[in-house]
Amino acid sequence: MATEKKVVAEEQNFAKNDAFNLTMIPGKFARKLRTCIIYQFIRFLIINIKMIIVVQKSH
Amino acid sequence: MARLVVMGGGVAGHTTATFAKKWLGNDHEVVVVTPNSNWNWIPSNIWVGVGEMKKEEVVFPLAPVYAKAGIDYRQAKAVSIHPEGKEGSDKPFITIEYTGQGKEGQTEEIEYDYLVNATGPKLNFDATPGLGDGNGQIGPNTVSVCTADHAVHAYSELMNIFEKAKTEKQKILIGTGHGMCTCQGAAFEYIFNIEHEAKKAGVRDNLEIKWISNESFLGDFGMGGLHMKVGGYVVSSKLFAESLYAERGIEWLIGAHVNKIEEGKLEYELLDGTIGEEEFDFAMLIPPFSGVGLKAYDKTGEDITDKIFAANGFMKVDADYTPKPYEEWKADDWPRKYQNPDYSNIFAAGIAFAPPHLISKPAKSPNGTPINPTPPRTGMPSGIIGKAVAHSICNLIKDGENAHIHEASMAEMGAACVASAGKGVFSGQAAAMTVYPVVPDFDKYPGTGRDTDYTFGEIGLAGHWIKHILHFLFIYKAKLKPGWTLIPE
Ligand SMILES: Cc1cc2nc3c(=O)[nH]c(=O)nc-3n(C[C@H](O)[C@H](O)[C@H](O)COP(=O)(O)OP(=O)(O)OC[C@H]3O[C@@H](n4cnc5c(N)ncnc54)[C@H](O)[C@@H]3O)c2cc1C
């Protein structure tokens, strides 16, 4: 009986070599967030605030 | 009237000169000696190297900016420092050799009251046989993105590879060309841009893209790595970097000292002592950095270069240079005032100052070859140090010897690094990283050595937008457009 394959695109690289196999690779949701305009706009504000604090602490 | 002479018109020197002139006004002179006619926003050379920006977008001519600011600009390279003057005169001076302004090859002496060495790095291609051409320039076997012209050349070579990859397999190597390199971040950004562009051009499947570097672990970045908060965990940059590479199918070879390069082939030694070879069709390897080779002489004309400069050619400042084992390194070893210990009217800013030691853990192969990244002094620290030095010198000029000297230790200073792939507003992506402080302070932050509230990294459009904004802001600031002083370093 042929087994049905469950192919998850973002998991394929794990099998490419041992080093890849031992790290973490983002799944669909994490990747989606990277280009989600609303989420990224919020992150943009947060990163900017953090960077401004770092700049202030550095002077 | 006092005269401040700034050697080097890059990130640190331009910051020092422009702020000093603003604060000193016309009562005092500011002279900039720099061999280049253009100012270059170096981080954006990466985009030039993949054809996303033209050279003209990352450079602008210095002469009109300095003319407007009232800065005396000499397109020349500094050759030697004479901190005690010469026979018959106690006035310190430097010698320069013109590279432009119609005086090419002419030499001149320029006296100073205060001197800033902001000459950045010598791109020491010849340290690795085959990386250089034997005359101090890059050789024919690899490309570089360290200058805007290098990046233009890198792009044209890359396009040849992309063209070939339409029909046959091609191999790309990106990383460091020697065991003692720094600036891994630039190569890191370039490899992700190439991968991104290869996908866009539809040739990714025919490209093997590989990272080769002197880091003992991926994500060291010359800072001994960093720890950041992700998803409720505090994780090492090793995991962060490995994940980025694995996701993109980019293999890595680390702990590698490249010791010989030929056409299409390089030889390396690994930290475990093994020797190996990699073939390539295209390679961008960052060269090791050294000081630019300035000499120094005392009043009698005796060579005192070793007194003022460290063995690597960088200038000695108020750091603790006592050799000590890694376990005894302290945040306090790092300089605060950037003043030369022998001549207090000489300062060094940016890459030009000699760090007390590495930041990454030192490592050697069993053959005794040091294979470890040297400390990065990136744009933000270079700018902050340049401004602190300008402050100190202005105070000294106005208030005399007992003036307040500004402090800017890299162990109390952060750095932001945004490695962005692609250029479209909604199609690009960046790994944005902020580290605070650059030099870890294990007494203050036991465990990671850094403040994990302000040491972070994440991937997405947000960082990409920040990279765009930084490009325009820093060029706007360097051109001294209205409100430039409000833009932080
Ligand atoms: C490709 C690349 C990408 C980078 N990306 C980033 C990034 O994203 N973020 C970041 O923070 N940093 C980045 N950096 C690092 C950043 O560019 C440097 O930290 C910064 O330029 C150092 O400033 P500096 O003034 O010390 O040296 P430079 O900016 O190199 O300036 C030195 C100046 O001195 C001049 N000079 C040389 N010899 C002499 C001489 N004999 N006499 C007088 N003048 C001389 C040079 O022509 C130059 O103008 C990147 C570097 C590279 C190569």
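Values below: all heavy atoms of this structure, side chains included; hydrogens, waters and symmetry mates excluded. Labels below follow one simple rule: chain letters A, B, ... track the order of the sequence lines, proteins then strands, and each chain is numbered from 1. Quick caveat, the model's predicted, so the values are computed rather than measured.
Heavy atoms of B/Met380 lying under 4.5 Å from chain A belong exclusively to its side chain. Residue contact with chain A, scored on non-hydrogen atoms closer than 4.5 Å, involves the backbone and the side chain of B/Glu251 alike. With a 4.5 Å cut-off on non-hydrogen atoms, B/Gln429 touches chain A through its side chain but not through its backbone. In this structure, chain A has no heavy atom under 4.5 Å from any part of B/Leu470. For chain A, the nearby part of B/Ile469 is the side chain; its heavy atoms alone come within less than 4.5 Å. When heavy atoms are compared at a cutoff of 4.5 Å, B/Tyr245 approaches chain A solely by way of its backbone atoms N, CA, C and O. Within the 4.5 angstrom heavy-atom criterion, no atom of A/Ile46 approaches chain B. For B/Tyr436, the part lying under 4.5 angstrom from a heavy atom of chain A is the side chain only. Proximity to chain B (any heavy atom under 4.5 Å) is shown, for A/Lys57, by both the backbone and the side chain. Looking at B/Val425, there are no atoms closer than 4.5 Å to chain A (heavy atoms on both sides), in backbone or side chain.
To the nearest 0.5 Å, the span separating CG on A/Leu33 from CG on B/Leu461 amounts to 11.5 Å. One finds the CG atom of B/Asp453 at 6.5 Å from the NZ atom of A/Lys50 (value rounded to the nearest 0.5 Å). To the nearest 0.5 angstrom, B/Met433 atom CE is 11.5 Å from A/Ile47 atom CD1. Annotation: the span from B/Ile459 atom CD1 to A/Arg43 atom CZ amounts to 12.0 Å, rounded to 0.5 Å. In this structure, B/His464 NE2 and A/Thr35 OG1 are separated by 12.0 Å, a value rounded to the nearest 0.5 Å.
Side chain of A/Gln40 to backbone of B/Ala462: a donor-acceptor contact under 3.5 angstrom is found.
Shown here is B/Asp272, whose CG atom has more than 12 heavy atoms of other residues, nucleotides or ligands within 6.0 Å. By the neighbour-count criterion of 12 heavy atoms within 6.0 Å, atom NZ of B/Lys171 is densely surrounded, having more than that number from other residues, nucleotides or ligands. A 6.0 Å sphere centred on CD1 of A/Ile38 holds no more than 12 heavy atoms belonging to other residues, nucleotides or ligands. The 12-atom threshold is exceeded at OH of B/Tyr476, counting heavy atoms of other residues, nucleotides or ligands nearer than 6.0 Å.
Contact detail for B/Ala246 and A/Thr23: the closest heavy-atom pair is CB-CG2, 3.5 Å. The shortest non-hydrogen separation linking A/Val55 to B/Pro488 is CG1-CB, 3.5 Å. Listed here is the closest heavy atom pair of A/Ser58 and B/Gly414: OG-N, 2.8 Å.
Between chain A and the options B/Glu458, B/Glu242, B/Met413, the largest number of non-hydrogen pairs under 4.5 Å is found for B/Glu458. With chain A as the partner, the residue from B/Leu218, B/Leu244, B/Ile250 showing the most heavy-atom pairs under 4.5 Å is B/Ile250. Comparing B/Ser409, B/Ser243, B/Pro381, B/Gly460 by heavy-atom pairs within less than 4.5 Å of chain A, the highest count is held by B/Ser243. For chain A, the option among B/Glu407, B/Glu412, B/Glu489 with the highest count of heavy-atom pairs below 4.5 Å is B/Glu489.
The aromatic rings of B/Trp252 and A/Phe20 sit tilted, their planes meeting at an angle between 30° and 60°.
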